[in-house]
Amino acid sequence: MTVRTIGEALIAGLEAHGVDTVFGIPGNHTVELYRGLAASSIRHVTPRHEQGAAFMADGYARAGGRPGVAFVITGPGLTNAITAMAQARADSVPMLVVSGVNQRDALGKGLGFLHELPDQRGLMQKVALCSERIEAPEALHGGLARAFARMASGRPGPVHIEVPIDVMALPAVAAAASVEPATPAPPRPAPAALAEAAALLAGAARPLILAGGGARRAATPLVGLAERLGAPVVTTANGRGLLYGHPLMVPASPSLTAVRALMGDADMVLALGTELGPTDYDMYADGGFRLPERLIRVDIDDAQLQRHPAVLRILADATAAASDLLQALPAGKPSTGGEARAAAARQAAWQEIGPAMQAQVRVLEMIREALPGAILVGDSTQPVYAGNLYYDHDRPGGWFNAATGFGALGYAPPAAIGAALAAPGVPVVCLVGDGGFQFSLAEIGAAVDADVPVVFVVWNNRGYREIEVSMRERGIEPVGVSPAPPDFCRVADAYRIPAERLVALEELPAALKRARALARPALIEIMVD
């Protein structure tokens with residue numbers, strides 16, 4: 001591709017960093033970016049809203065293990081993407097958002113230009129890990145390199161680059177190797193800390209491992225580590241899929257009394273890649289969570305490590321730490337009783353969630369059994385809430401949703417589209433409620449455009465049922481919790497998407513297999529009493 005403008009050079013720079021897909025809605029403030037797209041190898045996917053663009057980038061990053069990229073216009077395009085950027089920051093998802101901004105000599109002067117914000121970059125610096133403005137041609141390549149290096153070092157999250165409209169059309173300069181910072185290797189445990197951790201864990205009679213989203217790509221070393229120690233493994237919502245079906249696995253929330261009891265009984269707890277936040281550990285805000293007294297904490301973010309007391313803090317990537325710890329542990333028999341402790345915790349946690357949530361977890365199990373190895377992307381809806389409390393998925397990193405962390409409604413449909421593009425050939429199921437689906441219903445049009453075989457499963461209980469239940473439990477007369485849903489099958493038909501409505505849950509497995517066999521977007525609506 002012949003590079004002529006900054007906009008074209010930015011596209012070439014993204015290609016050089018391995019980007020193959022961008023999500024965006026073109027506008028007058030970003031058209032120069034699109035000059036370079038037509039001649040590039042990068043695929044462009046057009047959402048129906050800028051929030052959808054960033055949610056798609058989020059799903060792409062989670063499923064593909066590499067940064068998702070979104071293009072948005074100045075002002076409202078960027079502010080529309082803020083919710084998705086905040087979700088990505090809460091869940092440590094690498095995302096690059098590229099926006100325009102008004103011409104350099106007008107910035108901050110309040111002259112009333114189209115899409116003007118008082119301080120767009122200042123706003124982004126409150127949400128993104130970093131925000132950079134490209135003010136001259138020679139600054140582009142270094143700015144891109146710093147953005148990608150930031151997403152690959154420390155705790156991941158969203159980063160932002162803005163290019164003034166009078167800069168985008170300027171002649172580009174050739175990339176200079178000297179301004180390209182090298183992407184650092186993931187940090188490994190310091191030798192002294194590694195030796196101390198190995199000694200503490202080897203001496204424990206009742207060890208326990210907590211695995212969070214930071215460990216979701218550590219499945220192989222984590223299995224070896226758990227077996228070497230004889231340690232049950234408790235996974236947070238973003239860690240589900242690790243050790244699927246293993247006798248040491250406890251796929252249940254630390255917000256449950258049964259799991260807290262398991263943690264309290266442990267004489268050494270290894271926390272890998274988990275922020276120990278309340279949306280995982282104190283979901284009901286009952287104050288019952290107590291940080292383990294004997295805690296070894298591993299995290300890639302030093303600031304995160306300092307937020308809680310620990311016997312030992314290790315600054316390291318969770319995968320690297322699990323691998324190194326496995327090598328550092330002395331050979332010998334594991335501690336006894338680990339499998340029995342895990343089994344008791346699983347049974348107690350299952351009983352604790354009760355029949356209603358057990359029934360919803362069985363819906364998730366139907367999906368898992370009908371489409372093995374699927375990526376299951378959830379929204380804030382009843383079965384997803386239940387699954388975050390107790391559910392064992394069969395694919396590492398294949399269970400993620402917005403019902404925890406930042407908690408944005410409407411996340412799942414666009415995120416599932418991004419996931420399907422990042423993992424072609426893998427079944428992708430979007431599980432969304434009728435209320436949440438209406439936040440981003442139009443994004444099914446993007447699924448048609450991109451021809452991705454996402455199966456949209458709509459849990460239709462005609463309103464915000466989880467909020468209604470919460471109101472009633474607190475003695476509040478429900479108000480505002482019954483937004484009228486559309487006829488989702490007819491909406492799907494309008495987008496030329498095959499759809500069917502189920503009145504019995506027993507019909508779901510066969511419907512999922514039919515939808516998957518179509519190899520195109522499909523919708524299944526479940527009517528819930």
Roughly how far, to the nearest 0.5 Å, is the CE atom of Met168 from the CD atom of Glu8? 12.5 Å

Measure from the side-chain N and O atoms of Arg462 to the backbone N and O of Val528, and report whether any donor-acceptor pair falls under 3.5 Å. yes

Keeping Ser323 on the side-chain end and Thr319 on the backbone end, is there a donor-acceptor pair under 3.5 Å? yes

Between Leu96 and Leu14, is any pair of side-chain heavy atoms under 4.5 Å apart? yes

Taking the ring centre of each residue, are Tyr34 and His44 less than 6.0 Å apart? yes

Is there side-chain contact between His160 and Ser99, with heavy atoms separated by less than 4.5 Å? yes

Under a plain distance cut-off of 3.5 Å, with no hydrogens placed, do Thr74 and Gln120 share a side-chain donor-acceptor pair? no

Short question: side chain of Arg520, backbone of Ile497 - any donor-acceptor pair under 3.5 Å? no

For Ile25 and Val72, what are the C-alpha separation, side-chain angles and deciding distance, and is it a side-chain contact (heavy atoms from CB on, under 4.5 Å)? CA-CA 6 Å; Ile25 300 176; Val72 297; over 6 Å; no

Here the pair of heavy atoms bringing Pro414 nearest to Gly52 is CB-O, 3.6 Å

Can you tell me how far the CD atom of Glu443 sits from the CZ atom of Arg48, to the nearest 0.5 Å? 7.0 Å

Check this for me, if you would: do Arg368 and Asp392 make a salt bridge, where the nitrogen-to-carboxylate-oxygen distance has to be below 4.0 angstrom? no

Spacing of Tyr281 atom OH and Leu210 atom CG [to the nearest 0.5 Å]: 4.5 Å

How far apart are the C-alpha atoms of Asp58 and Gln87, what are their side-chain angles, what is the distance that settles it, and do they pass the side chain to side chain donor-acceptor pair (under 3.5 Å) test? CA-CA 8 Å; Asp58 176 301; Gln87 182 76 48; over 6 Å; no

Salt bridge check, Glu32 against Arg35: does any charged N sit closer than 4.0 Å to a carboxylate O? yes

Would Leu376 and Phe400 count as a side-chain contact (heavy atoms from CB on, under 4.5 Å) if you check the C-alpha gap in whole Å, the side-chain angles of each, and the deciding distance to 0.1 Å? CA-CA 7 Å; Leu376 184 47; Phe400 56 86; over 6 Å; no

Student check: side-chain heavy atoms of Trp459 and Asp379 closer than 4.5 Å: no

Between Phe488 and Phe437, does the ring centroid distance fall short of 6.0 Å? yes

Carboxylate-amine/guanidinium proximity below 4.0 Å for Glu132 and Arg146: yes

Show your working on salt bridge (charged side-chain N to carboxylate O under 4.0 Å, His left out) between Asp299 and Arg155 and close with a plain yes or no. CA-CA 8 Å; Asp299 204 278; Arg155 185 178 182 180; 6.0 Å; no

Heavy-atom closest pair (Ala403 atom, Val384 atom, distance to 0.1 Å) is CB-CG1, 3.9 Å

Donor-acceptor contact below 3.5 Å, side chain Arg465 vs main chain Ser482: no

Going by heavy atoms in the side chains, are Ile42 and Thr21 under 4.5 Å from each other? no

Calculate, to the nearest 0.5 Å, the distance between atoms CG and CG belonging to Leu272 and Leu225 respectively. 7.0 Å

Evaluate Thr404 against Thr279 for side chain to side chain donor-acceptor pair (under 3.5 Å), listing each step before the verdict. CA-CA 6 Å; Thr404 184; Thr279 57; 3.3 Å; yes

Nearest atoms (heavy-atom pairs only) where Glu50 meets Asn80: OE1-ND2, 2.9 Å

Is the side chain of Asp487 donor-acceptor paired with the backbone N or O of Arg490 at a distance under 3.5 Å, no angle test? yes

Is there a side-chain contact between Ile375 and Val429 (heavy atoms, below 4.5 Å)? no

Is the shortest side-chain heavy-atom distance between Val457 and Val432 below 4.5 Å? no

Contact between Val455 and Leu512 at the side-chain level, heavy atoms closer than 4.5 Å - yes or no? yes

Pair Ile526-Asn460, side-chain contact (heavy atoms from CB on, under 4.5 Å): steps then yes or no: CA-CA 6 Å; Ile526 302 172; Asn460 189 348; over 6 Å; no

I'd like to know if the side chain of Arg89 reaches the main chain of Val127, judged simply by a donor and an acceptor atom lying under 3.5 Å from each other, with no hydrogens or angles considered. yes

For Ser40 versus Ile11, what's the shortest heavy-atom pair and its separation? CB-CG2, 3.6 Å

Any non-hydrogen side-chain atom of Val45 less than 4.5 Å from a side-chain atom of Met56? yes

CE (Met124) and CD1 (Ile82) are apart, to the nearest 0.5 Å, by 3.5 Å

Is a side-chain N or O of Thr30 found less than 3.5 angstrom from the main chain of Gly27, in a donor-acceptor match? yes

Indicate yes or no for a side-chain donor-acceptor contact from Arg514 to the backbone of Ala517 under 3.5 Å, with no hydrogens or angles considered. no

Please work out whether the ring planes of Trp399 and His393 are parallel, tilted or perpendicular, with thresholds of 30° and 60°. tilted

Measure from the side-chain N and O atoms of Gln358 to the backbone N and O of Trp350, and report whether any donor-acceptor pair falls under 3.5 Å. yes

What is the ring orientation for Phe148 with His17, classed by angle as parallel under 30°, tilted 30 to 60°, or perpendicular over 60°? parallel

Using every non-hydrogen atom in the two residues, find where Pro187 and Ala320 come nearest and quote the distance to one decimal. O-CB, 4.0 Å

Working for side chain to side chain donor-acceptor pair (under 3.5 Å), residues Tyr60 and Asp20: CA-CA 11 Å; Tyr60 179 96; Asp20 59 14; 2.4 Å; yes

Least distance between heavy atoms, Gly425 atom then Arg516 atom: O-NH2, 3.1 Å

Treating Arg121 as the side-chain partner and Ser131 as the backbone partner, does any N or O pair qualify as donor plus acceptor under 3.5 Å? yes

Given the rule in the side-chain contact (heavy atoms from CB on, under 4.5 Å) test, do Ile6 and Val163 qualify, once you have shown the distances and angles that lead to the verdict? CA-CA 9 Å; Ile6 293 295; Val163 187; 4.2 Å; yes

Which distance, rounded to the nearest 0.5 Å, do you find between the CG of Leu518 and the NZ of Lys513? 14.5 Å

Show your working on side chain to side chain donor-acceptor pair (under 3.5 Å) between Asp434 and Gln438 and close with a plain yes or no. CA-CA 7 Å; Asp434 61 292; Gln438 291 180 76; 4.6 Å; no

